[in-house]
There are 2 protein chains.
Amino acid sequence: MTTLKELAALLNISVSTVSKALNDSHEISEKTRIRVKELATKLNYKPNRIAQQLKTNKSKTIGVILPTVTNPFFAEVLHGIERTATDNDYDIIVCLSNENYTKEKKSLELLSNGSVDGFIIAVARESQVKKQTEHIDAILKSKIPVLMFDRVVNEINCDKVVVDDFQSVYEATEYLIKKENRKNILLVSNIEELSVGKLRIKGYSKAVQAHDLKPEILKLDNAIDVDIEKRIYNYLKNNKIDAILSIDHITGIVAINMAKKLGKDIPKDLSVVGFGYEHTQLLSSPKISIIHQKAHKIGEMSMKLLVDSIKEEDHELKTIIVPSELKLSESSK
Amino acid sequence: MTTLKELAALLNISVSTVSKALNDSHEISEKTRIRVKELATKLNYKPNRIAQQLKTNKSKTIGVILPTVTNPFFAEVLHGIERTATDNDYDIIVCLSNENYTKEKKSLELLSNGSVDGFIIAVARESQVKKQTEHIDAILKSKIPVLMFDRVVNEINCDKVVVDDFQSVYEATEYLIKKENRKNILLVSNIEELSVGKLRIKGYSKAVQAHDLKPEILKLDNAIDVDIEKRIYNYLKNNKIDAILSIDHITGIVAINMAKKLGKDIPKDLSVVGFGYEHTQLLSSPKISIIHQKAHKIGEMSMKLLVDSIKEEDHELKTIIVPSELKLSESSK
DNA sequence: TTGTAAGCGTTATCAT
DNA sequence: ATGATAACGCTTACAA
């Protein structure tokens with residue numbers, strides 16, 4: 001890599017002159033500026049980013065800690081984060097906690113040494129379930145801004161971007177009751193121990209009770225593939241259900257497949273609503289209705305808010321709610 | 001952030017003594033070492049990574065350029081990359097090209113200024129289709145190691161990790177012919193212009209011809225959701241087909257759904273094989289058979305090979321082939 | 001208009 | 001055993 005020093009030596013001028021010339025300083029004569037720039041281009045000179053970072057004490061990098069990226073929700077959020085970061089001249093360092101508290105903690109610690117100017121984090125399942133969050137507090141204490149999205153910790157005071165989990169499920173439930181006239185709505189959950197899962201279940205319960213119906217909830221508690229199918233199949237076989245509301249992005253499609261296996265007519269006998277993303281509806285037949293979380297937007301808003309908080313002198317903490325959209329399957333319209 | 005200087009001032013000793021004490025130098029007395037370490041712990045001192053990077057001229061960071069991360073294949077590869085990077089004390093900076101040549105080029109340029117010690121890249125669709133790859137050559141010329149995976153450019157000389165695209169599809173086709181006794185195998189493709197797509201189609205064609213059958217290929221050329229369904233539906237309706245081989249991770253499931261709509265009995269009337277990942281089989285009913293690419297392993301091998309190439313004095317370029325595995329649906333066993 | 005020198009935080013070499 | 005100094009590559013206040 002070419003350095004200022006090398007350019008200076010080749011041109012027989014000082015390092016500072018070269019630096020100023022490249023930065024279009026008024027102090028420098030037209031002639032030398034051109035001379036310097038020509039050589040710089042020729043030798044493909046690029047200012048060493050590390051040196052600049054040391055000088056300015058800014059990394060222009062954000063640490064992004066995600067539980068996983070194989071879940072399409074987080075993948076899409078990451079997409080939004082990356083795009084917005086690029087637009088704001090930031091890089092992102094991505095760490096995956098794998099839903100694991102220890103890994104999450106380690107990642108935060110490793111990066112809180114000047115490597116990043118701030119963090120975007122969706123808390124790992126384990127951290128959330130065990131309520132272990134001092135590692136995040138520690139970061140905040142060291143004055144590095146943190147933004148939490150989706151999986152948030154209420155007790156921690158920082159910027160947040162969340163989905164309207166309660167509201168969207170409440171409305172979806174009400175839709176099933178009022179528009180599709182369903183009475184026996186089963187909620188299927190594989191994420192009941194997460195903050196978002198709890199909120200979604202609350203939204204459902206509240207809506208059901210508001211219409212004097214009784215809640216029915218099938219908690220799969222993190223079951224593995226084959227069990228998911230079996231348990232949903234058995235439940236549908238043994239219970240009179242006319243609608244299914246899945247609060248994750250998998251079990252809704254599985255429920256459709258199991259219902260078909262049982263000879264149910266969708267959407268006549270059974271309405272199915274789930275959470276979904278880019279390809280969810282394409283992968284189901286008949287089409288599932290989905291609560292579409294604006295994952296890309298969540299990523300975008302998160303990065304924007306964090307960048308603002310870094311720039312602003314006296315930033316006041318915000319919580320932004322990104323509304324979801326109920327996308328009906330064509331058949332149910 | 002606490003610095004060596006601050007520690008030194010507080011302890012009334014020199015910066016270099018502090019540095020040595022923290023690094024367990026033999027030169028330093030037991031007493032001061034303890035004194036230093038205690039204060040360091042108390043003030044939560046962490047060596048500034050940027051300064052260390054400047055000193056060693058190494059970033060211990062790898063730039064990872066992916067076309068997208070919402071495709072589960074790349075998501076899983078990223079998972080493998082991240083894990084292996086962490087195991088080897090590397091960070092990763094992730095950039096998404098969005099299948100776009102310009103963005104890919106810009107990302108490479110922005111990071112080739114000392115920000116990263118090497119690149120892992122899966123070439124964008126546009127770069128591959130238009131055969132624009134000088135930007136990658138430029139990086140190699142500047143002596144930054146590059147590793148390409150999956151979407152590779154044959155003409156470029158660098159380390160590579162690829163899937164056995166030709167072989168796996170050849171074998172899957174042969175399986176359909178020999179074990180399931182299929183005669184009219186339709187290949188469905190939505191990625192025919194990619195290097196991997198071409199190889200997969202070749203594998204299919206070769207196998208079909210080897211058994212004196214005629215190739216049938218439905219090219220969707222990057223169609224959008226609703227068209228995908230229609231075109232597959234119509235094809236199945238108007239043509240006598242007894243097996244479908246999808247070379248991506250979406251159209252196989254869509255084909256199953258369309259076939260069911262047409263009243264076909266799977267797997268009796270029709271065998272379906274596709275490419276797939278973690279949840280692919282869970283999302284289909286009846287179960288699809290999948291060519292399972294070891295995406296996690298691909299990420300792992302890529303990072304390992306790149307790290308090796310960085311460490312080794314005279315590294316000789318390698319191409320590693322990661323074999324896929326044909327995972328039959330239970331019904332077809 | 002150009003150059004000198006200090007400093008960002010660290011480590012390594014060379015005194016003391 | 002401890003400290004002074006230089007160096008990594010860059011920017012910038014200050015001289016010349």
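Bear in mind the structure is a predicted one, so any value in this text is a computation, not a measurement. Just so it is clear: chains get the letters A, B, ... in the order the sequence lines come, proteins before strands, and each one is counted from 1.
Between the CG atom of B:Asn57 and the P atom of C:dA12 there is a distance of 14 Å, rounded to whole Å. Rounding to whole angstrom units, CG of residue B:Asn48 and C1' of C:dG7 are separated by 14 Å. Between the P atom of C:dT11 and the CG atom of A:Leu54 lies a distance of 12 Å, rounded to the nearest Å. Look at NZ on B:Lys58: it is 23 Å from P on C:dG9, rounded to the nearest Å. Protein atom NE2 of A:His26 is 16 Å distant from nucleotide atom C1' of C:dT2, rounded to whole Å. The NZ-C1' distance, from B:Lys20 to C:dT16, rounds to 11 Å in whole Å. A straight line from CG of A:Leu4 to C1' of C:dG7 spans 16 Å, rounded to a whole angstrom. Counting to the nearest Å, the P atom of C:dT10 and the CD atom of B:Glu6 are 9 Å from each other.
Within the 4.0 Å cut-off from OP1 or OP2 of D:dT11, at least one side-chain nitrogen or oxygen of A:Gln52 is found. When the side-chain nitrogen and oxygen atoms of A:Ser19 are compared with OP1 and OP2 of D:dC10, none of them lie within a distance under 4.0 Å. In terms of phosphate contacts, B:Thr56 brings no side-chain nitrogen or oxygen within less than 4.0 Å of OP1 or OP2 of D:dC8. Contact between the side-chain N/O atoms of B:Lys5 and the OP1/OP2 oxygens of C:dC8 is found at a separation under 4.0 Å. Between A:Thr17 and C:dT2, a side-chain N or O to OP1/OP2 separation shorter than 4.0 Å is absent. The side chain of B:Asn23 places an N or O atom within less than 4.0 Å of a non-bridging phosphate oxygen (OP1 or OP2) of C:dT11. Within the structure, every side-chain polar atom (N or O) of A:Ser29 is placed at least 4.0 Å from both OP1 and OP2 of C:dT1.
Within the nucleic acid shown, B:Lys46 comes within 4.0 Å of sugar-phosphate atoms alone, with no base atom in reach, counting heavy atoms only. Using a 4.0 Å heavy-atom criterion, one finds that A:Ile13 contacts the sugar-phosphate atoms exclusively.
Between A:Lys297 and A:Glu76, none of the side-chain N atoms (NZ, or NE/NH1/NH2) sits under 4.0 Å from a carboxylate O, so this pair counts as no salt bridge. A salt bridge links A:Lys304 to A:Glu300: at least one charged side-chain nitrogen sits closer than 4.0 Å to a carboxylate oxygen. Under the 4.0 Å criterion applied to side-chain N and carboxylate O atoms, B:Glu193 and B:Lys130 are not assigned as salt-bridge partners. Between B:Arg33 and B:Glu30 there is a salt bridge, with a side-chain nitrogen of the basic residue lying less than 4.0 Å from a carboxylate oxygen of the acidic one.
If you find the closest nucleotide of DNA chain C to A:Ala51 and to B:Ser16, the one lying nearer the 5' end belongs to A:Ala51. For A:Glu27 and A:Met1, each mapped to the nucleotide of DNA chain D holding its nearest heavy atom, the one lying further toward the 5' end belongs to A:Met1. In this structure, A:Tyr45 and B:Thr32 both approach DNA chain D, and ranking their closest nucleotides by distance from the 5' end singles out B:Thr32.
Side-chain atoms of B:Glu104 come within 3.5 Å of backbone N or O of B:Ala124 as a donor-acceptor pair.
With hydrogens and angles ignored, no donor-acceptor pair under 3.5 angstrom links the side chain of A:Lys55 to the base of D:dG9.
Contact annotation: the side chain of A:Leu306 approaches that of A:Pro145 to within less than 4.5 Å [non-hydrogen atoms, C-beta and beyond].
In this structure, of C:dG3, D:dT2, C:dT10, it is D:dT2 that holds the atom nearest to the side chain of B:Ile28.
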